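Please read the structure below before turning to the comments.
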2 protein chains.
Amino acid sequence: MHKHPAHGCGCYKERQSRWVEPSILFLLMEKPCHGYELMSALPELGFINGPADPGAVYRTLRHLEKAGLVASAWDTSHPGAAKRLYTITAAGKRHLGLWAESLRRRWTNLGAFIKKLDQAVAQKT
Amino acid sequence: MHKHPAHGCGCYKERQSRWVEPSILFLLMEKPCHGYELMSALPELGFINGPADPGAVYRTLRHLEKAGLVASAWDTSHPGAAKRLYTITAAGKRHLGLWAESLRRRWTNLGAFIKKLDQAVAQKT
DNA sequence: TATTTTATATGTTCGAAACATATATCAGTC
DNA sequence: GACTGATATATGTTTCGAACATATAAAATA
């Protein structure tokens, strides 16, 4: 049993759910990136506190590529370690639209629940 | 590989994250309940579509009880199958307050991300 | 009597984040 | 020239907790 980082209690950590995939698709919608660039941009989206996990990024990229939602090419134009440049595909853009819809539902449901919570907590104080 | 129920695509199902525990604590805040009652009330909170999973409910109740957040007593006053009546404890109420805080952060972050998503999607249409 | 509803409980699988480790190139510095 | 740290990519393993499946039994109802 670990500590819930937000609750500071003995209960489980609060894990996020499906944030890596939509985050990466969003960043690639703005412009093509390589993995390391995505890693440094991810924390600014507000889902994590510390630095992003390379494992999450590169594995998700491979998954997305296998699904045809992003495409990659080795970038050898620059000196230094070889970079793989990822681009979002048309299918990826459509997919991000679906994500936007389902995330919005999630957000609405969560908002309704929080409202109920607030009322309940306020009532019993 | 299964179908994402919302996306209708080949990608993974979108699983929820930590909704059972706060939901149950909330319902017990309103009034003491037994497990079966909670099961039928859960779908109304908007996190699931179909009926609630008994496994999720009873296991969470046991977990919460072990953590001292709820207390239970066998209810033999009524005829019929024996029911275990669950009550939220003072610690449970405090805990629900923490949940409210962290869920609100989640909601705010998600809202900000969705806004960015909308802009990106609108821009590239 | 047979089926459904009420009621509780455990066993197993699975998705995806979290955590850990490995490898190689290049830039700067001591 | 050796050492350190940033850049860059990749895989291995653990963990959490929802999702799915199954088991049991008493009572209500058809």
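These values consider heavy atoms only, across backbone and side chains, with no hydrogens, waters or symmetry-generated copies. Lettering of chains follows the sequences in order, A, B, ..., and the numbering in each one begins at 1. As the structure is a computational prediction, the values presented were derived from the model and not from experiment.
- A/Leu85 and A/Ile88 end up in different hydrophobic clusters when Ile, Leu, Val, Met, Phe, Trp and Tyr side chains are linked at under 4.5 Å.
- Scored by the side chain to side chain contact (heavy atoms under 4.5 Å, CB included) test, B/Trp107 finds A/Trp107, A/Leu110, A/Ile114 as partners (sequence neighbours excluded).
- Pairs engaging residues 37-50 of chain B under the side chain to side chain donor-acceptor pair (under 3.5 Å) rule: B/Lys31-B/Glu37, B/His34-B/Glu37 [sequence neighbours left out].
- The nearest whole Å value for the distance from the CD1 atom in A/Ile48 to the C1' atom in C/dA17 is 11 Å.
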Base-contact (B) and sugar-phosphate-only (S) positions in nucleotides 7-13 of chain D, heavy-atom cut-off under 4.0 Å, - elsewhere: BBBBBBB
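- One N or O on the side chain of A/Tyr58 and one on the backbone of A/Tyr36 form a donor-acceptor pair closer than 3.5 Å.
- In this structure, B/Asn109 contributes its side chain and A/Gly46 its backbone to a donor-acceptor pair below 3.5 Å.
- Atom P of nucleotide D/dC20 and atom CG of B/Asn49 are separated by 12 Å, given to the nearest angstrom.
- When rounded to the nearest whole Å, the span between CZ of A/Phe47 and P of C/dA18 equals 12 Å.
- Note: CZ (A/Arg18) to P (C/dG15) measures 10 Å, nearest angstrom.
- B/Ile24 places its CD1 atom 13 Å from the C1' atom of C/dT8, with the value rounded to the nearest Å.
- B/Val57 comes within 4.0 angstrom of no nucleic acid atom, judged by non-hydrogen atoms across all strands.
- For B/Leu27 against B/Cys33, the heavy-atom pair with the smallest separation is O-SG, 4.5 Å.
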